[in-house]
Number of protein chains: 2
Amino acid sequence: MVTYFYASPSAFRGAYVTLPPDEAAHARKVLRTRAGDTIAVVDGQGGWYQVAVDVAAQDHLAGQVVASEQAHGEPPYQLTLAVGLLKQRNRWETLLEKCTELGVHAILPLTTDHGEKATLRRARCERVLVAAMKQSKRSWLPALHDPLPALEALQQQAGASGLIATMDAPADAHPLAVLQGCSAGPLTAFIGPEAGFSTDERAEAQALGYTPVSLGRRRLRAETAAMTITAACALAFP
Amino acid sequence: MVTYFYASPSAFRGAYVTLPPDEAAHARKVLRTRAGDTIAVVDGQGGWYQVAVDVAAQDHLAGQVVASEQAHGEPPYQLTLAVGLLKQRNRWETLLEKCTELGVHAILPLTTDHGEKATLRRARCERVLVAAMKQSKRSWLPALHDPLPALEALQQQAGASGLIATMDAPADAHPLAVLQGCSAGPLTAFIGPEAGFSTDERAEAQALGYTPVSLGRRRLRAETAAMTITAACALAFP
């Protein structure tokens, strides 16, 4: 099983890369990487690199890029998930992990009229995103935006291919049918809190031309709705 | 927001139902249900009942069925998920919860050649399943079978509409394309452990006529693969 390491673009000097200390320590101590080995490194911006290790000392591991590929493991569309921030940290982290595995491009946490008050623990969230990116063999680290009120986010993301999951969507507003009408490219999907979007938020989405989608007759938790729309995109645009 | 209560068929005497003590206590203490109120009760076997409460005492709540519906909130197919039992309890419980929300009919935990040793904590798992059934407004409580070795499970479940998710499935073995060839009815999907099914297990699946499906180019954790195939069925047969 191939292990991917993460080094942001700033860790590259031309075709030479130095792993950050925590990745270097993991490579050395857990995976026993030595000089002469070849490892796979992703830069979180779509770059995948095969690296021939030439230095593997305590917390320091570096080497020469011998092969590379752009958009490695990435889908042909860019899905931004605009989703009500959850109070329960384990549910929020499950959302981040699963949606990363399923190909999300960016996550925009929302504060909503009916949502619970919650705070974003950025450092923890980033660790979850990095681990899921590496585990799922992606090369893009999903961007985690600062939380925005839903009304503001709806305006910011307005444009082509905006979807909104609501319980009152027409029954025929099936995600796959709706996605067939979209081209693979930038997509934004709004997912409300469990109590749903407010009348104001839904009116704004309608005024701005967002397409309602129905995620079926069962009541899904917010993180399950987020995973389902992310999986639907992956299934619709393989 | 409607709260569903759970009472197994044995709690019904004709059209009169008595909630189990924990459900009764929850109804009384948390939701302040009183005699004269109407509540929604599901029996875990597809039955949904509107119940007029006539007794609401300490830990004892009972009433008369005034309306009922069969297969309430249930999909038109019955998906059995045969999936490698996970060692990490929180990941296993996430799988149970999410797949219940997404419409799974039964879960058959597998012991596999490449899987980790793990035990099933049945009482905890049942609580997760019941909570997810009620939360998602389903009426069917997914059956949780006893763990079986994968080879035995493959034989037991052999028949029409058996799928197996493998990393070496042909790229065109897309779940939606495969599911279009199935009729809505009994379906079984085998999901391997993260290290994949062994050569023996894959050979047995092939010999028994299971259809390989590919869940895409990204490496999914076992529980994410389980959710994805469950979501794919929900999307394919709305």
Side-chain angles (χ1 to χ4, degrees), chain A residues 1-4 71-75 90-91 93-95 97-103 114 131-140 167 171-177 179 194-196 213-238, chain B residues 1-4 71-75 90-91 93-95 97-103 114 131-140 167 171-177 179 194-196 213-238:
Chain A
M1 190 166 293
V2 179
T3 301
Y4 280 21
H72 177 88
E74 293 303 318
N90 60 337
R91 294 190 178 279
E93 291 176 2
T94 295
L95 183 159
E97 179 182 288
K98 299 304 163 219
C99 292
T100 298
E101 288 179 66
L102 292 166
H114 295 168
M133 169 187 68
K134 298 195 301 181
Q135 196 276 334
S136 62
K137 298 188 169 186
R138 291 184 63 180
S139 55
W140 177 263
M167 291 298 277
D172 64 347
H174 188 271
L176 295 179
L179 287 167
E194 260 141 59
V213 292
S214 161
L215 297 178
R217 291 165 300 165
R218 286 177 295 280
R219 177 168 61 188
L220 303 180
R221 285 186 177 276
E223 74 275 14
T224 315
M227 290 171 209
T228 303
I229 198 83
T230 309
C233 290
L235 291 163
F237 302 112
Chain B
M1 189 165 292
V2 179
T3 300
Y4 280 22
H72 176 88
E74 293 303 317
N90 61 338
R91 294 191 176 278
E93 291 176 4
T94 295
L95 183 159
E97 178 182 288
K98 298 305 162 217
C99 292
T100 298
E101 289 180 64
L102 292 167
H114 295 167
M133 170 187 67
K134 298 195 301 181
Q135 195 276 332
S136 62
K137 298 188 169 186
R138 291 185 64 179
S139 56
W140 177 262
M167 292 297 278
D172 64 348
H174 188 272
L176 296 179
L179 287 167
E194 261 141 61
V213 293
S214 161
L215 296 178
R217 290 165 301 166
R218 286 178 294 280
R219 177 169 61 189
L220 303 180
R221 284 187 178 275
E223 74 276 14
T224 315
M227 292 172 207
T228 303
I229 199 83
T230 308
C233 290
L235 291 163
F237 303 112

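Here is the naming used below: chain letters follow the sequence lines, and residue numbers restart at 1 for every chain.
Looking only at heavy-atom pairs under 4.5 Å with chain A, the residue among B:R217, B:R91, B:K98 that has the most is B:K98. When each of A:P75, A:A132, A:A236 is checked for heavy-atom pairs under 4.5 Å with chain B, A:P75 comes out on top.
Heavy atoms of A:E74 lying under 4.5 Å from chain B belong exclusively to its backbone. For chain A, the nearby parts of B:R221 are the backbone and the side chain; heavy atoms of each come within less than 4.5 Å.
B:M133 CE to A:R218 CZ: the interatomic distance, rounded to the nearest 0.5 Å, is 13.5 Å. Here OG1 of B:T94 is found 8.5 Å from CD of A:E97. Values are rounded to the nearest 0.5 Å. Summarising the geometry, atom CD belonging to A:E93 is positioned 10.5 Å from atom CG belonging to B:N90; distances are rounded to the nearest 0.5 Å. Within the model, atoms OG1 of B:T228 and CG of A:L102 stand 4.5 Å from one another, a figure rounded to the nearest 0.5 Å.
Across B:A234 and A:H174, no two heavy atoms sit closer than the pair O-NE2, 4.4 Å.
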For the pair A:E101 and B:M227, evaluate side chain to side chain contact (heavy atoms under 4.5 Å, CB included) and give the outcome as yes or no after the intermediate values.
-> CA-CA 12 Å; A:E101 288 179 66; B:M227 292 172 207; over 6 Å; no
